[in-house]
*Asks:* 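Questions regarding the structure given below will be posed in turn.
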Amino acid sequence: MSAYDENKTLDMIEKATKSVVNISTVKLMQNLFYQAVPVGGMGSGTLIDSLGLVLTNNHVVGGAEKINVTLWNNQVLEGKIVGLCAVHDIAVVRVRANGLQAAELGDSDKLRVGQRVYAVGTPLG
């Protein structure tokens, strides 16, 4: 078994962080008097290609009137929903940008029980 290498782990997390985005939304809800009231929400997502596709959750963006995607460098981009699946709570959002750093996805079938895994996100900004 190889020894834990803290520097390799930190390098991996630093690289992955550039693929993680914060998503803020505005949804219109009705108050008791049936008036439309804007309600803000937040969540996290992951860039899955360099052209601007973001994988997130349906509960984060479903029903949103406005979506802002904030990159690791604090650049804010407007997001548009490409697809939603409420059953699986998954969504894809597109931002207009080039040269984005997509996450390097692994093969979960190769994981073994007891192996270290890391979750990187920014749901609260």
Side-chain angles (χ1 to χ4, degrees):
M1 185 155 105
S2 64
Y4 170 71
D5 184 340
E6 184 176 32
N7 286 325
K8 276 187 177 179
T9 300
L10 293 173
D11 289 345
M12 178 213 34
I13 291 171
E14 188 175 291
K15 182 180 177 185
T17 299
K18 293 185 178 174
S19 302
V20 175
V21 299
N22 176 266
I23 299 175
S24 60
T25 61
V26 175
K27 297 179 183 182
L28 294 179
M29 308 293 277
Q30 284 186 340
N31 65 13
L32 293 173
F33 303 106
Y34 300 102
Q35 296 168 318
V37 178
V39 176
M42 273 195 178
S44 191
T46 303
L47 288 162
I48 56 172
D49 78 1
S50 62
L51 299 176
L53 288 180
V54 177
L55 183 65
T56 188
N57 296 98
N58 178 65
H59 73 263
V60 172
V61 297
E65 297 290 323
K66 182 168 178 60
I67 301 170
N68 284 327
V69 176
T70 305
L71 306 178
W72 67 275
N73 60 2
N74 291 323
Q75 181 182 4
V76 179
L77 302 169
E78 182 180 355
K80 296 288 183 194
I81 295 173
V82 174
L84 298 168
C85 179
V87 172
H88 295 100
D89 192 27
I90 197 164
V92 177
V93 172
R94 177 178 295 284
V95 295
R96 297 275 179 215
N98 292 316
L100 300 171
Q101 185 166 330
E104 186 178 324
L105 303 178
D107 184 349
S108 61
D109 289 337
K110 294 181 180 177
L111 291 175
R112 296 174 54 200
V113 173
Q115 189 172 359
R116 290 179 199 256
V117 295
Y118 299 90
V120 181
T122 177
L124 302 177

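On a predicted model such as this, the values are computed, not experimentally measured, just so you know.
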*Asks:* For a quick test of reading the model, state the closest non-hydrogen atom pair linking Gln115 to Lys110 and the distance between them.
*Replies:*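 That would be OE1-O, 4.1 Å.
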*Asks:* List the steps and the verdict of side chain to side chain contact (heavy atoms under 4.5 Å, CB included) for Asn22 and Met42.
*Replies:* CA-CA 7 Å; Asn22 176 266; Met42 273 195 178; 4.0 Å; yes
*Asks:* To the nearest 0.5 Å, what is the distance between CG (Asp49) and CG (Leu51)?
*Replies:*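 Asp49 CG to Leu51 CG: 5.0 Å, rounded to 0.5 Å.
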*Asks:* What's the spacing between Asn68 CG and Ser24 OG if we round to 0.5 Å?
*Replies:*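 So the gap between those two atoms works out to 4.5 Å.
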*Asks:* Distance-only, no hydrogens or angles: does the Asn57 side chain make a donor-acceptor pair with backbone N or O of His59 under 3.5 Å?
*Replies:*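 Judged by distance alone, no pair lies under 3.5 Å.
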*Asks:* May I ask whether Val20 and Val54 are part of the same hydrophobic cluster, defined by side-chain heavy atoms of I, L, V, M, F, W, Y residues being less than 4.5 angstrom apart, directly or through others?
*Replies:*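 Different clusters.
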*Asks:* Heavy-atom count around Glu6 CD within 6.0 Å, excluding the residue itself: above 12?
*Replies:*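 Check fails, neighbour count at 12 or below.
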*Asks:* With the side chain counted from C-beta on, respond yes when Val92 and Leu55 share a heavy-atom pair under 4.5 Å apart, and no when they do not.
*Replies:*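 The answer is yes; the side chains approach within 4.5 Å.
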*Asks:* Closest heavy-atom contact between Ser19 and Ala103?
*Replies:*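 Scanning both residues completely, I find the closest heavy atoms to be OG-N, 3.2 Å.
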*Asks:* Enumerate the residue pairs fulfilling salt bridge (Lys or Arg N to Asp or Glu O under 4.0 Å) with a member in residues 64-91, sequence neighbours excluded, ordered by first and then second residue.
*Replies:*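 Only Glu78-Lys80 qualify under salt bridge (Lys or Arg N to Asp or Glu O under 4.0 Å).
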*Asks:* To the nearest 0.5 Å, how far apart are NZ in Lys18 and CG in Leu71?
*Replies:*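 One finds 12.0 Å between NZ of Lys18 and CG of Leu71.
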*Asks:* Have a look at Arg94 and tell me which of Leu77, Ile81, Leu53 forms a side-chain contact (heavy atoms from CB on, under 4.5 Å) with it.
*Replies:*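 Only one of Leu77, Ile81, Leu53 forms a side-chain contact (heavy atoms from CB on, under 4.5 Å) with Arg94, namely Leu53.
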*Asks:* Ignoring hydrogens and angles, tell me if any N or O in the side chain of Asn58 forms a donor-acceptor pair with the backbone of Val61 under 3.5 Å.
*Replies:*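 Absent.
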*Asks:* Quick one: pull up CE in Met12 and CG in Asp5 and give me the separation to the nearest 0.5 Å.
*Replies:*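 So the CE of Met12 and the CG of Asp5 are separated by 11.0 Å.
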*Asks:* Hey, quick one: are Ile23 and Val95 part of the same hydrophobic cluster, counting side-chain heavy atoms closer than 4.5 Å, chains of contacts allowed?
*Replies:*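 Same cluster: Ile23 reaches Val95 through Ile, Leu, Val, Met, Phe, Trp or Tyr contacts under 4.5 Å.
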*Asks:* I need the Leu84 CG to Thr56 OG1 distance, nearest 0.5 Å.
*Replies:*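 Between Leu84 CG and Thr56 OG1, I get 10.0 Å after rounding to 0.5 Å.
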*Asks:* Where do Ser44 and Thr122 come nearest, in terms of heavy atoms and distance?
*Replies:*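 Closest approach of Ser44 to Thr122, heavy atoms only: OG-N, 2.9 Å.
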*Asks:* Do Val93 and Val60 belong together in a cluster built from hydrophobic side chains that touch within less than 4.5 Å?
*Replies:*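 In one cluster: yes.
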*Asks:* Minimum heavy-atom separation for Tyr118 to Ile13, with atom names?
*Replies:*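 Nearest pair, atom of Tyr118 first, then Ile13: CD2-CD1, 4.2 Å.
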*Asks:* Taking Val76's backbone N and O only, do any of them form a donor-acceptor pair with Thr70's side chain (distance below 3.5 Å, no angle check)?
*Replies:*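 No: the side chain of Thr70 does not pair with the backbone of Val76.
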